[in-house]
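Numbers restart at 1 for each chain; the letters A, B, ... are given by sequence-line order, proteins then strands. These numbers were taken from a predicted model, which means no experiment stands behind them.
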Amino acid sequence: MWYLAKMIRGMTIEQAIAQLEFNDKKGAAIIKEVLLEAQEMAVKSHNVEYKSNLYVAESFSGKGQYLKRIRIHGRGMFGIMDKVYCHYFVKLVEGVPPTEKPRTGFDQAKEYVQQLRNRTIIHSL
Amino acid sequence: LCSQPPYIVTGPLNIVLSVIFMCTVVPALSVQGPGIFPQPHRNEETEEHSFLDNMFWMAAPKKRRTIEVNRCRRRNPHKLIEIKTNIEPCPECGNLKQKHVLCGFCYEKVRRETAIIRGQIQAQEGKPLNNPAVETVVLYEGEKPAATDAGKRIVERKRQRPSWFTQY
């Protein structure tokens with residue numbers, strides 16, 4: 001579920017729905033339903049004009065309450081099997097998704113040098 | 001040791017085979033006397049003591065993998081899901097489809113119609129494996145069998161011919 005949530009972060013909603021439609025994971029169908037419902041809600045009650053003008057700003061999954069069951073092994077041993085549940089949260093924002101500028105090696109070097117330059121002695125004159 | 005299903009036994013599981021107590025099975029003999037001789041029993045015990053010292057026993061992790069190390073492994077790009085670049089809209093219906101796969105919506109539409117036709121064929125035949133040794137022709141409303149459809153079996157459908165079912 002986390003992998004799916006990570007995949008659609010930052011995508012436009014149409015792109016996200018397309019990717020989830022052709023993914024074979026069980027969570028893909030669930031997340032697609034959630035996205036469609038969120039899109040409908042946005043248009044109906046959140047004053048969004050165009051339903052495709054949305055992008056996925058935040059998307060993450062959290063652990064839900066697990067049910068515990070016994071899984072029987074050989075020789076009288078047993079294991080505790082977890083019936084896994086999770087929550088999924090998504091936030092859609094209207095507009096074009098923000099493009100992240102790719103950080104080059106030169107940019108990283110510049111940042112490092114700037115960090116070195118910012119070093120100072122605290123509480124000094 | 002096996003408990004009934006309604007009761008959940010909580011306790012740490014030791015899958016790594018530590019000392020397992022198995023009751024020694026005493027074979028039943030018709031002759032009075034000890035069931036098993038004491039010597040093989042002693043050999044078993046000495047072997048159990050030495051297996052713990054044997055260095056080739058079982059591989060086990062030395063240290064707990066920290067969550068940082070676990071995250072590096074789980075979130076490595078090769079484990080993330082790749083986004084597909086072969087999705088495009090179907091020219092017929094407009095739904096999305098993969099380039100090398102038939103459109104799901106169009107396939108479902110054709111499947112429904114053919115399911116109805118097959119139901120009618122089944123009704124015509126009556127029992128299984130009763131198909132005649134001739135070709136089948138599906139005719140819709142207002143259509144008559146052409147000259148080329150002389151000896152063929154005719155299946156009638158009470159609706160207009162769908163645009164995708166061409167008549168050639």
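Looking at I17(A), neither its backbone nor its side chain comes within 4.5 Å of chain B, counting heavy atoms on both sides. Both the backbone and the side chain of L96(B) come within contact range of chain A, with heavy atoms under 4.5 Å apart. Both the backbone and the side chain of Q19(A) come within contact range of chain B, each with at least one heavy atom under 4.5 Å from a heavy atom of that chain.
Taking the six-membered ring for Trp and thresholds of 30 and 60 degrees, Y140(B) and F165(B) have ring planes more than 60 degrees apart, a perpendicular arrangement.
Under a 4.0 Å N-O distance rule, the pair E113(B)/R159(B) qualifies as a salt bridge. Contact check on E92(B) versus K97(B) returns no salt bridge, with no Lys/Arg side-chain nitrogen under 4.0 Å from an Asp/Glu carboxylate oxygen.
Annotation: the span from R74(B) atom CZ to I67(B) atom CD1 amounts to 5.0 Å, rounded to 0.5 Å.
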